[in-house]
Every structure is written in structure tokens, then in C-alpha cells.
**Q** 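I'd like to ask you about the structure that follows.
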Amino acid sequence: MRVALAERLCCPQGHAGTPLVVRADAVQDGQLVDGIAGCPSCRTEWTLRADRIVFGPTAPLPATPSPSADALMALLGLADPEALVWCDGVDADAAAALLALARPELVLADAPVRVVGALHIDGAATVPFAAGSFAAAALFRSARDLPWLASVVRALRPGGRLVADAAIAVPPGVRELARVEALWVGEREAGGAPITLRRA
């Protein structure tokens with residue numbers, strides 16, 4: 001994980017989005033290889049690895065089939081290489097192909113299969129990143145609760161694309177752009193600029 005991305009982590013424990021304090025134990029070429037993240041509010045700590053952060057047990061939630069990598073790239077509007085994209089329920093083959101096609105930075109939530117080149121987040125109750133961190137998000141698990149969906153919207157930057165399974169209701173703060181039988185596409189409404197947090 002990039003050091004700059006690690007600095008955008010915030011606590012997923014359900015209290016106010018407190019930035020995590022990150023201790024980098026091993027860094028190589030701007031990538032955090034090994035470290036610890038701790039919350040100053042609830043005093044919880046988690047181990048950071050190059051490609052995985054385990055906040056808790058993986059949520060064993062079913063996912064509907066996700067679109068192909070070509071379709072995802074178009075639906076998510078990934079014209080900007082290295083865009084940060086949150087994926088929940090996107091299957092491993094589509095995620096790997098998307099990495100090869102568009103070179104985005106993918107964060108996979110509770111993925112049952114490891115995808116080389118992606119960051120895996122397991123067991124987080126909400127999206128553990130600061131507001132406005134993501135350029136786009138793809139959601140194909142309809143069993144997620146409302147706080148989870150609200151945290152996805154919060155983590156999207158204004159104008160960021162959201163592609164979701166048709167069974168997921170369009171959450172507040174998102175404007176629906178298009179819908180077909182299996183999915184809908186929306187964008188995060190501009191409801192005020194997210195605050196950038198800086199560590200002293």
C-alpha cells in the first residue's frame with residue numbers, strides 16, 4: 001500500500017471518523033510493507049501489510065455477478081490512470097482484468113480470493129478511509145447495511161461514480177444517472193468539499 005494511502009485511513013469502529021495513526025515499520029519504494037495503525041479514540045490497533053489490512057473477520061456475504069472489466073471501466077469512468085476505486089463484491093477475474101486494462105488502484109472489501117496488485121480490506125464495519133478518498137466505487141453485495149452504504153458515499157469524492165447491483169437502493173447523496181435490469185450507475189452529489197486531514 002502506498003504510504004500516502006495509508007495516511008488516509010480512518011477508524012471503521014462506528015464512532016466519528018477518526019484518522020488512524022500509522023507507524024510504518026518497513027517502507028520500500030514509497031510502499032508501506034509492514035506497520036501498525038491505531039485509533040486514538042477507541043485505542044484499537046491493527047496490523048498493516050503491503051496488500052492487506054484485517055479489521056475483523058471477513059464478512060461472508062453473497063455477491064451477484066459483476067460486469068466485465070471493459071464494462072466496469074466504462075461505467076466507472078476510469079479515464080484517469082491510477083484512480084482509487086473501492087470494490088465490494090467485484091469478482092477476482094474482473095478485478096484482475098480491470099487492473100491490467102486501466103491500472104487503477106483497487107481496494108477490495110472482504111474479497112474471498114486474493115488479487116495480485118490490489119489492496120484487500122477485511123472485516124471493516126464501514127469504509128476505513130477519509131471522506132473524498134475514492135474516484136469511484138463498485139458495489140455488488142446487496143446485503144450490506146445502511147451505515148456501510150453511507151460510508152461508501154462519504155468516501156467518494158464529489159462527482160465520483162458509483163456502480164451498484166440493482167437490488168441496492170440509491171443512497172442519499174448519490175444522483176442516479178442510468179439503470180438497466182442488473183445494475184444502476186450514479187454519481188456522488190456535491191454536498192460540500194471533503195476536508196483533507198493532515199498529520200503534524
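Values below: every heavy atom of this structure, side chains too, minus hydrogens, waters and symmetry copies.
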**Q** Given salt bridge (Lys or Arg N to Asp or Glu O under 4.0 Å), test Asp51 with Arg49 step by step and report yes or no.
**A** CA-CA 6 Å; Asp51 66 348; Arg49 296 287 182 256; over 6 Å; no
**Q** Could you tell me if the side chain of Pro62 sits less than 4.5 Å from the side chain of Phe140, heavy atoms only?
**A**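 They are not in contact (no side-chain heavy atoms under 4.5 Å apart), so the answer is no.
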**Q** Do Val107 and Leu162 belong together in a cluster built from hydrophobic side chains that touch within less than 4.5 Å?
**A** yes
**Q** With side chains defined as the heavy atoms from C-beta onward, is the minimum distance between Val85 and Arg161 less than 4.5 Å?
**A**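 Not in contact.
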**Q** Do Ser41 and Thr18 have a side chain donor and acceptor closer than 3.5 Å?
**A** yes
**Q** Could you state whether Leu75 and Val153 fall into the same hydrophobic cluster, counting links through intermediate Ile, Leu, Val, Met, Phe, Trp or Tyr residues with side-chain heavy atoms under 4.5 angstrom apart?
**A**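 Different clusters: Leu75 never reaches Val153 through Ile, Leu, Val, Met, Phe, Trp or Tyr contacts under 4.5 Å.
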**Q** What closest approach, in Å, do Pro171 and Trp184 show between heavy atoms, and which atom pair accounts for it?
**A**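 Closest heavy-atom pair between Pro171 and Trp184: CD-CH2, 3.8 Å.
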**Q** In terms of hydrophobic clusters joined by side-chain contacts under 4.5 Å, are Leu108 and Leu101 together?
**A** yes
**Q** Let me confirm one number: the CG-CH2 distance from Leu119 to Trp86, rounded to the nearest 0.5 Å.
**A**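 Reported value, rounded in 0.5 Å steps: 8.5 Å.
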**Q** Which atom names give the shortest non-hydrogen contact between Pro19 and Pro40, and what distance separates them?
**A**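 That would be O-CD, 3.6 Å.
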**Q** Would you confirm whether Ser133, through its side chain, and Ala155, through its main-chain N or O, come within 3.5 Å as a donor-acceptor pair?
**A** no
**Q** Compare every heavy atom of Pro158 with every heavy atom of Ala190, then report the nearest pair and how far apart it is.
**A**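 Reported closest heavy-atom pair: CA-CB, 4.0 Å.
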**Q** Do the side-chain N and O atoms of Ser142 and Asp165 include a donor-acceptor pair separated by under 3.5 angstrom?
**A** no
**Q** Walk me through whether Arg175 and Glu189 qualify under salt bridge (Lys or Arg N to Asp or Glu O under 4.0 Å).
**A** CA-CA 6 Å; Arg175 179 171 65 93; Glu189 295 175 329; 5.3 Å; no
**Q** Nearest heavy-atom pair of Pro67 and Leu72: which atoms, and what distance?
**A** O-CD1, 3.9 Å
**Q** Show the nearest heavy-atom pair for residues His120 and Val115, with the distance to one decimal.
**A**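 Looking at all heavy atoms of both residues, the shortest contact is NE2-N, 3.0 Å.
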**Q** Any heavy-atom pair between the side chains of Ile36 and Val22 that's under 4.5 Å?
**A** no
**Q** What do the steps show when you test Phe55 against Cys11 for side chain to side chain contact (heavy atoms under 4.5 Å, CB included), and what is the final call?
**A** CA-CA 9 Å; Phe55 288 101; Cys11 188; over 6 Å; no
**Q** Find the distance between CG (Leu98) and CZ (Arg103) and round it off to the nearest 0.5 Å.
**A** 12.0 Å
**Q** Is Ser66 reaching over with its side chain to a backbone N or O of Val90, donor-acceptor style, under 3.5 angstrom?
**A** no
**Q** Would you mind reporting whether Asp88 and Trp148 have side-chain heavy atoms less than 4.5 Å apart?
**A**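 Counting from C-beta outward, Trp148 and Asp88 do come under 4.5 Å.
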**Q** After noting the C-alpha distance and the side-chain angles of Arg144 and Asp110, does the key distance pass the salt bridge (Lys or Arg N to Asp or Glu O under 4.0 Å) rule?
**A** CA-CA 12 Å; Arg144 294 290 193 183; Asp110 296 315; 2.9 Å; yes
**Q** Report the C-alpha distance between Val180 and Val185 in whole Å, list the side-chain angles of each, state the deciding distance to 0.1 Å, and finish with yes or no for side chain to side chain contact (heavy atoms under 4.5 Å, CB included).
**A** CA-CA 9 Å; Val180 293; Val185 182; over 6 Å; no
**Q** If two hydrophobic side chains count as joined below 4.5 Å and joins carry through other members, does Ile121 share a cluster with Leu32?
**A** yes
**Q** Return yes if some donor-acceptor pair links the side-chain N/O of Arg188 with the main-chain N/O of Leu156 below 3.5 Å, else return no.
**A** yes
**Q** For the residue pair Leu177 and Glu187, establish whether any side-chain heavy-atom pair is separated by less than 4.5 Å.
**A** yes
**Q** Can you see which heavy atom on Ala137 is nearest to which on Leu76, and at what distance?
**A** O-CD2, 3.3 Å
**Q** Look up atom CD in Glu7 and atom CE in Met1, then write down how far apart they are to the nearest 0.5 Å.
**A**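 Answer for the CD-CE pair, Glu7 versus Met1, is 11.0 Å.
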**Q** Nearest 0.5 angstrom please: Ile53 CD1 to Thr47 OG1, how far?
**A** 10.0 Å
**Q** CZ of Arg8 to CZ of Arg2: how many Å apart, nearest 0.5 Å?
**A**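 Answer for the CZ-CZ pair, Arg8 versus Arg2, is 9.5 Å.
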**Q** Could you check whether the rings of Phe134 and Phe129 sit parallel, tilted or perpendicular, using 30° and 60° as the cut-offs?
**A** perpendicular
**Q** Is Leu5 reachable from Val27 through a run of I, L, V, M, F, W or Y residues, each pair having side-chain heavy atoms under 4.5 Å apart?
**A**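 Both belong to a single hydrophobic cluster.
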**Q** Would you mind reporting whether Leu9 and Leu48 have side-chain heavy atoms less than 4.5 Å apart?
**A** yes
**Q** Quick one: does any side-chain atom of Asp29 pair with a main-chain N or O of Gln31 as donor and acceptor, under 3.5 Å?
**A**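 Checked: no pair found.
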**Q** Once rounded to the nearest 0.5 Å, what's the spacing between atom CD of Glu45 and atom CZ of Arg23?
**A** 7.5 Å
